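Worksheet for the structure shown next.
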Amino acid sequence: MVTNEQLSKLGIVAEWVDPLNETFDKFGISSKLQQAAFIGQCSHECNKFKTLEENLNYKSETLAKLWPQRFPGTLADEYAHNPEKIANKVYSGRMGNRDESSGDGWRFHGRGCIQLTGHDNYYHCGQAIGVDLVKQPELAALPKYAALSAGWFWKTHNCNDLAEAKNWTALTKKINGGTFGLDERIKLTQTVLNVL
């Protein structure tokens with residue numbers, strides 16, 4: 001169980017005490033190492049629990065670099081700096097989302113501590129935590145559900161085992177898809193472990 005005093009030492013505001021403890025209890029994130037890894041990874045993913053929605057405000061050059069198949073030629077110019085339009089394009093026809101015109105890409109863009117993304121993830125996570133995230137996807141950006149959705153992801157991707165093995169590279173790949181920010185994630189986890 002984490003305390004307000006411990007979170008304060010980590011630069012995390014008090015409103016996260018209950019959401020984190022509820023998440024740890026519900027999803028069996030029970031050892032200090034598991035909890036430290038969870039907080040460390042989430043701290044990196046959501047800017048120390050301050051940014052709970054995906055930033056999709058990309059310039060055209062970045063869009064073309066990130067998704068060359070979806071933005072060939074000068075198409076990226078039509079989408080640049082329009083997060084809703086970008087989400088509808090890049091997330092269309094994936095993760096249970098319908099086509100671009102449906103608006104599902106934006107409706108189910110990344111929210112929460114580990115960026116819950118896509119209709120299917122919103123549906124299955126909602127079933128697991130007992131709230132209809134398909135009808136109310138914006139709930140995933142509130143601390144309680146942001147933490148619970150991260151806990152759902154953590155459990156369904158067997159992250160406790162990776163944390164216990166101190167396999168930080170594999171854990172980061174599960175959460176991020178790559179090793180972006182690996183050194184910072186390790187440092188954050190160690191800092192949290194020292195505080196806990």
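Model, not experiment: these values are computed from the prediction.
- Inter-residue side-chain proximity for Leu148 and Val131 is flagged as unmet; no heavy-atom pair is nearer than 4.5 Å.
- In this structure, a donor-acceptor pair under 3.5 Å is absent between the side chains of Glu164 and Asn160.
- Side-chain contact between Leu182 and Trp168 is present, with heavy atoms from C-beta onward closer than 4.5 Å.
- At least one side-chain heavy atom of Gln6 sits under 4.5 Å from a side-chain heavy atom of Leu196.
- Residues Trp67 and Phe108 fall into different hydrophobic clusters, defined by Ile, Leu, Val, Met, Phe, Trp and Tyr side chains chained together at heavy-atom separations under 4.5 Å.
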Candidate pair Phe38 and Thr23, rule side chain to side chain contact (heavy atoms under 4.5 Å, CB included), full reasoning: CA-CA 10 Å; Phe38 182 89; Thr23 298; 4.0 Å; yes
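- Using a 4.5 Å cut-off on side-chain heavy atoms (C-beta onward), Leu116 and Trp152 make contact.
- Arg70 contributes no side-chain N or O that, together with a main-chain N or O of Tyr91, makes up a donor-acceptor pair within less than 3.5 Å.
- Pro137 and Val134 make their closest contact through CD-O, 3.5 Å (heavy atoms, listed as atom of the first residue, atom of the second, distance).
- Donor-acceptor pairing under 3.5 Å is lacking for the side chains of His109 and Glu54.
- In terms of modelled atom types and a separation under 3.5 Å, the side chain of Asp18 and the main chain of Asn21 share no donor-acceptor contact.
- The one candidate from Arg111, Gln136, Gln127 that meets the side-chain hydrogen bond (donor to acceptor under 3.5 Å, both in side chains) condition with Tyr122 is Arg111.
- Pairing each heavy atom of Ser43 with each of Ile12, the nearest pair is OG-CD1, 4.1 Å.
- Aromatic ring orientation, Phe71 versus Tyr79: perpendicular (interplanar angle above 60°, classes split at 30° and 60°).
- Between the side chain of Thr172 and the main chain of Thr169, no donor-acceptor pair closer than 3.5 Å is present.
- Judged purely by atom type and a 3.5 angstrom limit, Asn88 uses its side chain to pair as donor or acceptor with the backbone of Trp106.
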